[in-house]
Amino acid sequence: MDEASLAPAAPRPVPRVLALANQKGGVGKTTTAINLGTALAAIGETVLIIDLDPQGNASTGLGIDRRSRRVSTYDVLTGEIELREAVLETAVPRLHIAPSTMDLSGIELELATQRDRAYRLRDAIRRLNGTAEQYERSRNDIDYTYVLIDCPPSLNLITVNAMAASNAILVPLQCEFFALEGLSQLLKTVEQVRTTLNPQLTIHGIVLTMFDARNNLSTQVVDDVRQFMGAKVYETIIPRNVRVSEAPSYGKPVLLYDLKCVGSQAYLRLASEIIQRERSLRLAAA
């Protein structure tokens, strides 16, 4: 037996975990998760999307048939399986997904009496890359560099699990009249989670979605959000685009459906901006 075989198993890289959260529905959380994940994969990152919405739209939007979801994030949160066992490949190289099912809608009652109920997802993600020994036994021999969590449109136990597991929150915000009102409530929840469950949690950024340049209200919302949140708002704005809306019905991210459309180009710019922000954070922490 050589010395190398006696060496302790090296820890695998730790992925950056970003939760896409907003208690309002229809603001572009799932669309952003799918297309940001695809864009990050396109520029060389290895990405896992965790679908935590019982509706399972992120799974459907990436072409995962409901009959293929033999196990799901529900089984992960209940402790029946490890996260890697729920992971499925997508049509996008380096992009995988842990799908969801309607079973998730009842998870809050099932976990209500469990002391670790807020940390189920955090603990599962910590075991995701694991040690070298676990890695060799794994059925999915990939080290993820990014984990994106698609949260449900509510501030319930599932979303709290996502926030407790994350390094940072990415907030999709629709360019509409009540945008700031909903943002204020989300920021309060993030602060509560930071205080009680996850002291390292930060707001990574606000991404403005469904922007319509023909609508004066959209421009006013952009100005108001930038004034309220300052540098936390990404420069990239996701426009309202019919190709982005059509893509999920074909089970594809818009980057596969129509790479040249304005929506695809916006998500590529957003991915580059997030990578730049990540580099700045690492330099600041060094």
Side-chain angles (χ1 to χ4, degrees), residues 12 14-23 25 29-30 33-34 37 47-90 95-131 133-135 137-144 146-167 169 189-190 192-193 196-198 201:
R12 310 311 301 182
V14 177
R16 280 287 286 176
V17 184
L18 305 178
L20 288 89
N22 190 327
Q23 73 274 21
K29 284 189 300 294
T30 298
I34 290 171
V47 184
L48 173 65
I49 294 176
I50 298 178
D51 190 349
L52 284 189
D53 189 340
Q55 297 176 82
N57 290 336
S59 307
T60 303
L62 282 169
I64 306 301
D65 188 275
R66 292 189 181 276
R67 290 168 295 183
S68 303
R69 305 175 205 177
R70 295 183 180 87
V71 292
S72 69
T73 50
Y74 166 81
D75 302 289
V76 176
L77 291 179
T78 56
E80 295 296 317
I81 61 170
E82 290 294 328
L83 179 53
R84 278 191 180 270
E85 296 176 71
V87 170
L88 298 174
E89 293 183 350
T90 73
L95 177 65
H96 291 178
I97 187 165
S100 80
T101 59
M102 284 301 295
D103 292 336
L104 263 180
S105 58
I107 195 76
E108 197 148 358
L109 287 174
E110 292 190 44
L111 297 184
T113 60
Q114 304 298 314
R115 295 184 64 182
D116 66 341
R117 59 187 176 275
Y119 291 119
R120 290 297 181 95
L121 185 62
R122 182 201 67 177
D123 295 343
I125 291 174
R126 284 181 175 178
R127 295 191 297 269
L128 179 62
N129 285 354
T131 65
E133 184 182 1
Q134 291 168 331
Y135 177 83
R137 290 202 306 264
S138 159
R139 56 188 287 244
N140 184 356
D141 57 349
I142 290 175
D143 282 335
Y144 295 102
Y146 277 89
V147 172
L148 304 180
I149 306 173
D150 185 30
C151 296
S154 58
L155 298 176
N156 59 11
L157 180 61
I158 297 176
T159 302
V160 169
N161 256 269
M163 291 184 179
S166 297
N167 300 113
I169 307 294
T189 302
V190 171
Q192 289 172 351
V193 171
T196 58
L197 299 173
N198 183 2
L201 186 65

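Side chains included, hydrogens not; waters and symmetry mates left out as well; all remaining heavy atoms used.
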With side chains defined as the heavy atoms from C-beta onward, is the minimum distance between [X] and [Y] less than 4.5 Å?
| X | Y | result |
| --- | --- | --- |
| Met163 | Asn198 | no |
| Ser72 | Leu104 | no |
| Arg66 | Thr60 | yes |
| Leu48 | Pro15 | no |
| Leu201 | Ser166 | yes |
| Ile149 | Leu20 | no |
| Ile107 | Asn161 | no |

What closest approach, in Å, do [X] and [Y] show between heavy atoms, and which atom pair accounts for it?
| X | Y | value |
| --- | --- | --- |
| Pro153 | Asp53 | CD-OD2, 3.7 Å |
| Leu52 | Pro152 | O-CD, 3.6 Å |
| Ile64 | Glu89 | CD1-O, 3.6 Å |
| Leu155 | Gln23 | CG-CB, 3.6 Å |
| Cys151 | Ala21 | SG-CB, 4.1 Å |
| Ala118 | Leu197 | CB-CD1, 3.9 Å |

Let me confirm one number: the [atom1]-[atom2] distance from [X] to [Y], rounded to the nearest 0.5 Å.
| X | Y | atom1 | atom2 | answer |
| --- | --- | --- | --- | --- |
| Arg117 | Glu108 | CZ | CD | 9.5 Å |
| Thr101 | Asp51 | OG1 | CG | 9.5 Å |
| Ile49 | Leu18 | CD1 | CG | 11.5 Å |
| Leu88 | Leu62 | CG | CG | 10.5 Å |

Tell me if a side-chain donor or acceptor on Thr90 pairs with a main-chain N or O of Leu95 at a distance below 3.5 Å.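 At least one qualifying donor-acceptor pair exists.
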Donor-acceptor under 3.5 Å (Lys29 side chain, Asn22 main chain):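 Flag set: sc Lys29 to bb Asn22 pair under 3.5 Å.
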Option among Ile125, Leu128, Val17 that satisfies the side-chain contact (heavy atoms from CB on, under 4.5 Å) test with Tyr144: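 Per the side-chain contact (heavy atoms from CB on, under 4.5 Å) rule, the option paired with Tyr144 is Leu128, out of Ile125, Leu128, Val17.
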For Tyr74, the option from Glu80, Arg69, Glu110 that meets side-chain contact (heavy atoms from CB on, under 4.5 Å):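 The single option meeting the side-chain contact (heavy atoms from CB on, under 4.5 Å) with Tyr74 is Glu110.
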Partners meeting side-chain hydrogen bond (donor to acceptor under 3.5 Å, both in side chains) with Asp150 (sequence neighbours left out):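 Asp150 satisfies side-chain hydrogen bond (donor to acceptor under 3.5 Å, both in side chains) with Thr30 only.
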Polar contact flag, side-chain donor to acceptor under 3.5 angstrom, Thr73-Arg120: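 Their side chains do not contain a donor-acceptor pair, so the 3.5 Å distance test is not met.
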Verdict with reasoning, Asp103 to Thr78, per side chain to side chain contact (heavy atoms under 4.5 Å, CB included): CA-CA 11 Å; Asp103 292 336; Thr78 56; over 6 Å; no
